[in-house]
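On a predicted model such as this, the values are computed, not experimentally measured, just so you know. Proteins get letters first, then strands, A, B, ... in listed order; numbering begins at 1 in each.
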Amino acid sequence: MNLQQVVPEAAARCGRDPSRVMDVVREVQARLGRVSDEAIDLIARELAVPPVDVKGVVTFYAFLSRKQKGRTVIRLSECVGCLGAEGHASAEELQRQLGIKFGETTPDGAISLEHTACIGMCDQGPAALVDEQPIARLTPERVKDLVAAVREQKLAEAGFAVADNVHKKGEVVFAEMEPGAGLKHALALDPAGVIGEVKASRLRGRGGAGFPAGTKWEFCARAAGERKVVLCNADEGEPGTFKDREILKHVPAHVFEGMAIAGYAIGAKEGILYLRGEYAYMLPALEKTLDEMREKGVLGKGLGGGKHDFDIRVQLGAGAYVCGEESALISSCEGGRGVPKDRPPFPVERGYLGLPTVVNNVETFATVARILEKGAGWFASFGTRDSTGTKLFSVSGDCAKPGIYELPYGLTVRELMALVGGEGAQAVLVGGPSGSFVKPEDFDRKIGYEALATGGSVMVFGPRRDLLEVVSGFMRFFVDESCGHCVPCRVGNVLIKERLDKIRAGHGVAEDLGYLEELCATVKRMSRCGLGQTSPNPVVTTLASFRGLYERRLTESNGLQPDFDLNAALQAAVKAQGRAPVFHED
Amino acid sequence: MSETITFTIDGKKIPAKKGQTIIRAAEEAGVYIPRLCWLKDLIPGGACRVCTVLVNGRPQAACTQPAAGGIVVQNETEELFRWRKNIVAMLFVEGNHYCMFCEKSGNCELQAVAYRFGITAPKYPHQFPQRAVDASHPDVLIDHNRCILCWRCARTARVKDGKPIFGVVNRGIDSQLAVGPEQLGETELKATDKAVEACPVGALMKKRVGYAVPVGKRLYDHEPIGSDIEKAGNPA
Ligand SMILES: Cc1cc2nc3c(=O)[nH]c(=O)nc-3n(C[C@H](O)[C@H](O)[C@H](O)COP(=O)(O)O)c2cc1C
Ligand code: FES
């Protein structure tokens, strides 16, 4: 296999379409273990895009690389959820077994070892991806078996299957549904009627921001343009979130049907499911579901006796959390760097390739299919007034039963903890790192848009966790995942993490807390997209609810900034010279 | 055809054409909104965020946000002033900026905005990144140490020179201006290209002309940046 063969093949597969750079570079990476500078030039020529743009794409995504990677790449999740004691031990064992450090490749070119951000296996960490295959519940023992299996190329047979952990199936998302039942009811209405039904259900988007789905569809339906697009957001990158993984595994047809319904409502014939690169292992099963749906006449041309044409393609990502932000998702679907866009115009007016586009979360579409099957009134009878329906919670961390729970909105943190065996937690993080750390005194607050909003991530931190270490881990995540386009997010998060770590190291002084608050406010208020507007939240919410944790680590200020311990730093010199420094005071 | 609307900035009535951005309308009315990545007649970049104003209380970049009839814009508030200053301070520690021996000193927009804001010393810890200088081109050089990633050169080269030679590589704090193919000398860039003039700082510079204008006679040596806008809109 060489470049001259692989690149033209990959380019031909997507019709040499300049907006499909992602697919081509993904294929080159998969087949050749890297996208070399030579490959970049060749791809640029084949797709008629500037070479510097291809280089921009290759260097943006974590799973693409200009340098040669091993034939197999092992990526250990370095997410806070995964890196407990077992995680650190497994990381050590991986390095020992492979004889290399993270970031290196074995001398025979067989295996590369890397760290990666949350891979959505938070309920069964420590976890890793071996190429596309997820491996869960790692222990040093299992690491030995894993490395042996990889070396013998027998990973598939080695029995490393991941668990489901769906502990509570509710009426809306996971209940059985006759294929096409929702779509059938939708097609019996006119498009405005479908939008009316979704509005009447008061369904709010399940991806985190909670925008009313019906209203979004109405905007898009009204937007000028013949060609429109339905985009399903399966980027699921917020640490602690893995609900879409289970939806796509158990009820993918509900999601695709919801997309077809949205297509009918807004007048779109095309759908795209953007699947995060970490979930690439699900692609074959999803393609199979799509084929089955086409056979059953739930997708394809002439649906409902010629009323609607709709089909769906899957777009794979390549490792970038920011691509979950809807306008970055669109940039990435267009084959570019996953950089958010300026709004206005909003995607409903000008989205994918400039076409009016509805972007919704996986769970939102699955829920829509049910609403059209059972009716808005039935749906709204679950949950609360402002947060109707059931919601999937991804529960992970220090609790007896981590996993997925489909529950009506409106329960309290305390009730949820009782259900999952998370009593005694020192803090519960609701809504992922961009949400808020809740302290025990606030466990009677309700989960829902009225109080604690969440896209579904619930992380439980037991009494023995070092919360500031957790916070620092999340800040590292945001530093790594910032797209780098705007200054406050690109630089500000680095400065926040730096000062936080200074406090953790015992060098902080009282003024550092004010310094952090001012920095956090600047990043939140001045950043261009939702990533920077929420990335300081781990610090902001712990400074508000767990200030003592910071204060206990501060030292007395002598008017100088003690960035380091002078005496400790001098010890190497003291040892070499055989004499201690003399301090003069006046 | 262009419909005229009015809105206010800090209480002052501002006329605007429908669809015009806040920064443009403000400029025409003699109100200076600080900016770094914005350049006239170029698609706005929305990257530096220095132009952030409050629109009906919400922070928005004035360079990308269209004016709308009746909106209430705040440009000079104590908070905005602090946050903008913080962002400019971030830029100074993100790269390696040595104003005292930079040829651009006095003509540099970053330096000029910093002076206008009253910044005289670094506020945050220097990051001291390792960055390269690309001197491969006979007439133009890139010093990445001084680049603030405003993408003005990249956008200008594409839109005005018709040469998509600049782009971005990496992400987050590692983001960098890049050229395609590899080095500036291999591109079709000419010293006369508009892109070369677009750089607000000392990152993309013509060789051998650094001191043609003596210090003391440079663009921002006597009056703060933005004074021209304020004067034009408010004739004495
Ligand atoms: C940094 C960032 C990451 C996001 N990641 C996701 C994601 O993985 N999945 C998702 O559905 N929404 C994500 N969102 C929210 C999307 O921008 C968007 O609001 C959502 O996809 C809309 O769908 P919904 O209304 O059905 O929730 C993210 C937002 C931000 C700012
Ligand atoms: S001038 Fe508006 S973001 Fe830079």
Quick check on [X] against chain A: is it the side chain, the backbone, both or neither that has a heavy atom closer than 4.5 Å?
X        : answer
B:Val168 : both
B:Ile148 : backbone
B:Arg84  : both
B:Glu182 : both
B:Ala178 : both
B:Pro125 : both

Using heavy-atom distances under 4.5 Å, tell me whether [X] contacts chain B through its side chain, its backbone, both, or neither.
X        : answer
A:Gln533 : neither
A:Tyr515 : side chain
A:Arg337 : side chain
A:Ala521 : both

| said: Given 3.5 Å as the limit, does a donor-acceptor pair link the side chain of A:Ser331 with the main chain of A:Val339, or not? | reply: yes
Say whether [X] and [Y], considering side chains only, have a donor N or O and an acceptor N or O under 3.5 Å apart.
X        : Y        : answer
B:Gln111 : B:Ser105 : yes
A:Arg490 : B:Ser175 : no
A:Asn493 : A:Ser535 : yes

Could you tell me which of [options] has the largest number of non-hydrogen atom pairs under 4.5 Å with chain A?
options                      : value
B:Ile173, B:Val179, B:Asn170 : B:Asn170
B:Ile165, B:Leu36, B:Leu149  : B:Leu149
B:Val93, B:Val50, B:Thr64    : B:Thr64
B:Leu80, B:Leu54, B:Ile87    : B:Ile87
B:Gln65, B:Gln176, B:Gln127  : B:Gln127

Provide the closest heavy-atom pair for [X] versus [Y] in the form atom of the first, atom of the second, distance.
X        : Y        : result
A:Phe477 : A:Gly237 : CZ-O, 3.8 Å
A:Val540 : A:Cys520 : CG2-CB, 3.6 Å
A:Met475 : A:Ile496 : CE-CG2, 3.9 Å
B:Cys37  : B:Ala47  : SG-N, 3.3 Å
B:Trp151 : B:Gly167 : CZ3-O, 4.4 Å
A:Cys486 : A:Ser527 : SG-CA, 4.0 Å

If you count heavy-atom pairs within less than 4.5 Å of chain B, which of [options] leads?
options                             : result
A:Ile40, A:Asp480, A:Thr59, A:Asp37 : A:Thr59
A:Thr522, A:Val523, A:Val57         : A:Thr522
A:Pro51, A:Pro488, A:Ala320         : A:Pro488

| request: Would you check if A:Phe102 and A:Glu78 make a side-chain contact, meaning some heavy-atom pair closer than 4.5 Å? | output: no
